[in-house]
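Notes follow the structure.
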Amino acid sequence: MEAITDQLETAFIYRGEPIRNQFPALHQSVYGKPLVYFDNAATTQKPNAVIEAITAYYSTINSNIHRGVHYLSQEATEAYEVTRNSVAAFINAPHAYEVIFTKGTTDGINLIADTFGYSYLNPGDTVLISAMEHHSNIVPWQIICGKRGATLKVIPMNESGELLMDEFERLLDDHVKIVAVTMVSNSLGTVNPVAEIIKIAHAKNIPVLLDAAQAVQHTKVDVQDLDCDFLVFSGHKMYGPTGIGVLYGKEEWLNKLPPYQGGGDMIKSVTFEVTEYNDLPFKFEAGTPNIEAAITLNTAIDFINEIGLENIERFERELYQYALKQLSFIQGVRIIGTAAHRSGAISLVVDGAHSYDIGVLLDKMGIAVRTGHHCTQPVMDFFEIPGTLRISFAVYNTKEEIDVFITSLKRALTILI
Amino acid sequence: MTINEKQDELVEEFEFLTDWIDKYEYIITSAKELPIIDDKYKQDQYLIKGCQSRVWLYPEIREGKVFFTADSDAIISKGLVNLVVQVLSGYTPAEIVAADVYFIDRIGLQEHLSPTRSNGLLSMLKQIKLYAHAYNSLKA
């Protein structure tokens with residue numbers, strides 16, 4: 001692999017060219033204005049390599065995997081398993097069979113909530129989540145707690161959007177069977193002290209699931225270093241295709257859990273009386289998966305690896321700090337989520353202007369932001385606000401784009417207030 | 001004036017506003033000018049749910065005609081719902097049920113009717129029709 005980056009101040013330069021040149025969707029106008037894409041926490045744009053890989057897949061080896069004896073099926077199966085190895089290396093999983101392909105983060109959490117819940121949750125037990133979880137790390141647990149007579153409890157946070165660790169320890173009693181927390185908040189940007197959370201939970205033999213949907217594209221995540229029991233994330237937030245996600249689970253846990261869905265591929269043998277389930281990882285991959293997305297996720301991982309997560313992290317931190325500084329000059333702007341350690345997303349509200357209105361006007365100026373509750377309604381309730389305006393960055397964003405955003409935000413506020 | 005005459009009047013008014021910014025300024029200014037709903041009706045009962053911006057819609061029937069007042073906490077939504085109320089308020093339930101609301105499309109604001117906008121305009125239109133249907137069947 002060639003080395004590597006030479007960063008200018010304003011944009012990420014890779015091999016002498018702005019990295020954004022590799023992203024065709026960024027080079028378009030909306031309403032006659034050059035697109036500024038700041039909705040990366042929702043999904044990232046895709047580099048040419050990924051787009052081309054999708055076409056290449058359907059133009060060459062498209063076939064069903066793990067089944068056919070024919071050439072194409074073998075090629076597709078191999079490519080599919082190559083991605084599994086790449087994912088394992090990407091998160092430093094000890095074994096590739098501990099990597100389960102899912103539809104995405106939500107699917108992965110549902111899988112664990114359901115299978116873990118039926119095996120280990122009983123009336124009187126507790127599932128512990130945090131106050132800043134995405135709905136996808138709340139509702140699956142609510143559903144399984146309801147079915148099993150268990151209770152869902154919440155680690156509270158302070159006004160800055162930081163988890164109260166002493167409260168966490170207090171809540172972590174003998175009834176807690178699993179802890180499920182996000183590594184990085186999608187609405188506040190808070191980076192949670194997950195290593196510490198895992199250490200404390202493990203001291204009581206309680207497993208921990210990490211939602212890494214807002215983490216893996218921004219910073220190195222090492223499952224052995226963290227010692228997490230489960231980790232979930234999505235391909236489409238890390239420059240890859242939609243419809244593919246990853247569930248990492250420690251072998252010992254995945255072997256203990258029952259299958260999630262029944263169907264093809266997850267079996268060794270089936271009679272009408274009894275089915276013998278397949279080994280890991282196939283036990284959890286019933287039916288024909290999103291083969292194209294799994295295979296091309298590998299290209300997205302290659303893209304990230306080639307740039308280097310440490311370079312991405314350094315550059316994005318600079319963008320983040322720059323945006324915060326520029327926002328601090330605008331009167332009436334209040335940042336929601338002021339944790340000491342933040343990444344990815346900045347949420348804000350403005351006195352006298354509804355975030356929806358600002359979002360509509362920014363859209364007309366070519367700027368894609370997210371407004372609303374960001375699937376974290378309890379967070380909005382905590383801050384007693386109807387919603388926020390959220391900007392979130394990827395490696396292809398630039399300081400110029402932040403300047404355009406700031407100018408446009410000021411213009412929108414002049415119209416609204 | 002019929003519902004369609006009112007719609008045509010609005011369409012004509014917007015024809016002079018070619019730039020999006022003029023359109024929005026018109027909508028925002030009109031929204032700023034009037035507090036269009038009594039605070040006592042800003043209750044959950046009249047709230048149109050599932051929207052980013054909160055929209056309240058209050059119906060009344062007087063002498064066989066339905067009158068609507070509406071409001072929103074977001075100013076663009078407030079301006080938009082105000083336009084809809086202007087067009088549809090003060091007619092018989094049958095007229096409202098039969099109305100084809102085309103002005104939003106013609107003045108180039110159809111994107112606000114997209115479900116992804118979740119600004120309440122689409123839900124509000126549905127709710128207006130539902131109220132009119134309900135009044136209509138009461139009468140029958």
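Since this is a predicted model, take the numbers as computed values, not measurements.
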Q: Decide if atom CD of A:E400 counts as having more than 12 heavy atoms of other residues, nucleotides or ligands within a radius under 6.0 Å.
A: yes
Q: Tell me, yes or no, whether the heavy-atom count around A:F329 atom CZ, taken from other residues, nucleotides or ligands under 6.0 Å, exceeds 12.
A: yes
Q | Crowding at NZ, A:K33 (>12 non-hydrogen neighbours, <6.0 Å) | A | yes
Q) Can you tell me how far the CD1 atom of B:I76 sits from the CG atom of A:L361, to the nearest 0.5 Å? A) 4.0 Å
Q | Gap separating the NE2 atom of A:H354 from the NZ atom of B:K78, nearest 0.5 angstrom | A | 12.0 Å
**Q.** A:Q331 atom CD, neighbour heavy-atom count above 12 within 6.0 Å
**A.** no
Q. Do A:I415 and B:E25 have side-chain heavy atoms sitting under 4.5 Å apart?
A. yes
Q: Start with the C-alpha gap between B:W20 and A:M365, add the side-chain angles, then the distance that decides, and say whether side-chain contact (heavy atoms from CB on, under 4.5 Å) holds.
A: CA-CA 10 Å; B:W20 68 268; A:M365 296 184 242; 3.8 Å; yes
Q. Does a sphere of radius 6.0 Å around NZ in A:K103 hold more than 12 heavy atoms from other residues, nucleotides or ligands, not counting ones at 6.0 Å or beyond?
A. no
Q: Under the side-chain contact (heavy atoms from CB on, under 4.5 Å) rule, what do A:D357 and B:I28 come out as? Steps first, then yes or no, please.
A: CA-CA 10 Å; A:D357 291 328; B:I28 290 162; over 6 Å; no
Q: Answer whether the closest heavy-atom distance between the side chains of B:Y24 and A:V360 falls below 4.5 Å.
A: yes
(Q) Minimum heavy-atom separation for B:I75 and A:L416, please, with both atom names. (A) CG2-CD2, 3.4 Å
Q. Among A:G372, A:A353, A:S355, which has the most heavy-atom pairs under 4.5 Å with chain B?
A. A:G372
**Q.** Least distance between heavy atoms, A:I417 atom then B:K32 atom
**A.** C-NZ, 3.9 Å
Q | Over 12 foreign heavy atoms within 6.0 Å of NZ, B:K65 | A | no
